[in-house]
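Structure first, commentary second.
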There are 2 protein chains.
Amino acid sequence: MREFKRKSRVLLIDDNADHLRGVKELITLESSYDVVGATTSANMGINLAKKYRPDLILMDINMPEKDGLQAIQEIEKLDLGIRVIALSGYDDADLIFRAMKIGAKGYVLKTMASAQLIYAMDEVAAGKIYLPTALTSRFFEYFQNSFKEENAKLSEENLLSYLTAREEEVLDLLTQGNNYKGIAGKLFISETTVKTHVNNIFQKLQVNDRTQAVLYALNNGFATKHKIAV
Amino acid sequence: MREFKRKSRVLLIDDNADHLRGVKELITLESSYDVVGATTSANMGINLAKKYRPDLILMDINMPEKDGLQAIQEIEKLDLGIRVIALSGYDDADLIFRAMKIGAKGYVLKTMASAQLIYAMDEVAAGKIYLPTALTSRFFEYFQNSFKEENAKLSEENLLSYLTAREEEVLDLLTQGNNYKGIAGKLFISETTVKTHVNNIFQKLQVNDRTQAVLYALNNGFATKHKIAV
DNA sequence: TGTGTCCTACATCTTTGGATTGATAAATTA
DNA sequence: TAATTTATCAATCCAAAGATGTAGGACACA
């Protein structure tokens, strides 16, 4: 299959010169990839990316000088359609999560067999996103954990549920930064009426001012509830 | 391996009686699982879950009456350590994302080969989280897309960067719902100084009041920047 | 040494926000 | 039908917030 396509162009960025050389050899042996560049500097890597527009980048994210994650982010910002695979020595869930969050199309451990690296490259070059099974599992544990609190908040007794429909409208406008006059204008009611509603909201949410009300709303899934609902 | 462990107890919930029967037979053939219950009702399923405390639940999430996702959420809320695998007819990214978000430990398509279902069950029963490769790819596309906007905001010119260190401290306290007095007390400075800082913050963020300042901060990664930084 | 930035502080004034009380009409529910 | 809830509006009062101008001391940098 792969043999019939044009070769994918790959750029390597890894501050460990030895590892860089090793990966380069490995990939060069693999006939379906052209290594168009290899550098130990993240900044240089970004420049090379702009210059050569590779299809793929293998980016070491354990670099001291410039953080590899930051480099990935900058490359993603360029929006050149370059697909980046993160190379890391650690299977740390937080690292994996952050890499995928900023747009890495794959995450491969340096300790993994070379065949697996090539496989990841094939998958990513084919437009897919690739994570080894074990890392996927780690990712999801982290992912679910980060939503646990939010889920708990959304399902637990929520003071927001005591608000009337009108009060929800008013609160919604509050969370958009409106003052009394703005809300009154948007709802076609008098400012004093808005004051009444807002005061009732304060009572129900047990807060003292609009900022606290807005914060309560945002921290307890007010927007979520209406727009993204599970 | 599996042969030596005690059998995992499974509960099946699927409003399609035919499919339910099919899955039940399939699993019964597989000697390492005991089907402790099978029902076409989500509510009944939740009751059975409480009663029998199965290790695993296979939950159809394409049910009209009570949404399967909601049922998963309720089971997760019980916190009984029951691991739920979502069964669905659709490989819709949004569905997959929502299922994983609320704590499903796996997501399997009904059209998949029975061997794959058993494999998923083995993995999940072993404490892992399992998503078929193809669905993982879909999930990540959706996941990365949902962060694209946020990433753009964080990396684009941000008025927050013009704030001084002290102003950031003040803004941080503002985003916790403090008034002038509260901030003054916490920073051991006078209330008038706080007013000065807050006014400077308003100028820099180009907003008119504290609520808008807080909203600007939250919408532009203020907390994120300091606590979760990429 | 001077220039600029930052943190601190105060005075003054205007506007907005918040608390409270009271009242009417419509809709809902018991 | 009576009672309750909701949405509307007003007056009043006090507190808080916001706008503006001024200014001294600390520090960094050229």
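Quick note on labels: first sequence line is chain A, next is B, and so on, each numbered from 1.
Rounded to whole angstrom, the span from the CG atom of B:N200 across to the P atom of C:dC6 amounts to 9 Å. Here the C1' atom of nucleotide C:dC7 and the CZ atom of B:R166 are 8 Å apart, to the nearest Å. Rounded to an integer number of Å, the gap from B:H197 NE2 to C:dA9 C1' is 10 Å. Summarising the geometry, the separation between CZ on A:F202 and P on D:dA16 is reported as 14 Å, rounded to the nearest angstrom. Rounded to whole Å, the distance from CD1 on A:I201 to P on C:dG18 is 11 Å. We find that CD of A:Q206 is positioned 13 Å from P of C:dA19, with the value rounded to whole Å.
Side chain of B:D209 to backbone of B:T211: a donor-acceptor contact under 3.5 angstrom is found. Remark: the backbone N or O of A:Y216 is paired with a side-chain donor or acceptor of A:N220 at under 3.5 angstrom. Checking side-chain atoms of A:N178 against main-chain N and O of A:L173 turns up a donor-acceptor pair under 3.5 Å. With A:N145 contributing its side chain and A:E141 its backbone, the two residues share no donor-acceptor pair below 3.5 Å.
For B:D79, the salt bridge (charged side-chain N to carboxylate O under 4.0 Å, His left out) test picks out no residue, with sequence neighbours left out. Considering only residues two or more places apart in sequence or on other chains, B:R166 meets the salt bridge (charged side-chain N to carboxylate O under 4.0 Å, His left out) condition with B:E169. In this view, B:D94 and B:R98 satisfy the salt bridge (charged side-chain N to carboxylate O under 4.0 Å, His left out) rule, not counting sequence neighbours. In this structure A:D91 satisfies the side chain to side chain donor-acceptor pair (under 3.5 Å) test together with A:R138, sequence neighbours excluded. Among residues two or more places apart in sequence or in another chain, the side chain to side chain donor-acceptor pair (under 3.5 Å) test is passed with B:K110 by B:D60. For A:R9, there are no side chain to side chain donor-acceptor pair (under 3.5 Å) partners two or more places apart in sequence or in a different chain. Residues passing the salt bridge (charged side-chain N to carboxylate O under 4.0 Å, His left out) test with A:K204 are A:E167, sequence neighbours excluded.
Contact annotation: the side chain of B:K50 never approaches that of B:I75 to less than 4.5 Å [non-hydrogen atoms, C-beta and beyond]. Using a 4.5 Å heavy-atom cutoff, the side chains of A:T39 and A:L48 are in contact.
The distance between the ring centers of A:F140 and B:F139 falls below 6.0 angstrom.
The side chain of B:V198 sits closest to D:dG18 out of D:dG18, C:dT8, D:dA17.
Taking a 6.0 Å sphere around OH of B:Y90, one finds it holds 12 or fewer heavy atoms contributed by other residues, nucleotides or ligands.
Contact check of residues 207-214 of chain A against DNA chain D (heavy atom, cut-off under 4.0 Å) returns no residues at all. Sorted by residue number, the members of residues 180-191 of chain A with any non-hydrogen atom under 4.0 Å from DNA chain C read A:Y180.
Residue whose closest nucleotide on DNA chain C sits further toward the 5' end, between B:T193 and B:K204: B:K204.
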>> Does the protein touch nucleotides 20-30 of chain D at the base, only the backbone, or not at all? Give it as B, S and - per nucleotide, heavy atoms under 4.0 Å.
In response: B----------
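Inter-axis angle, ends of the helix from C:dT1-D:dA30 to C:dA30-D:dT1, five pairs per end, rounded to 10 degrees: 50°.
Using a 4.0 Å heavy-atom distance criterion, A:T164 is classed as a sugar-phosphate-only contact.
At the phosphate of C:dA9, neither OP1 nor OP2 sits under 4.0 Å from any side-chain N or O atom of B:T192.
Between B:Y142 and B:F97, the angle of the ring planes lies from 30° to 60°, which puts this pair in the tilted group.
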Distances for protein N/O vs nucleotides 25-30 of chain C N/O pairs under 3.5 angstrom?
none

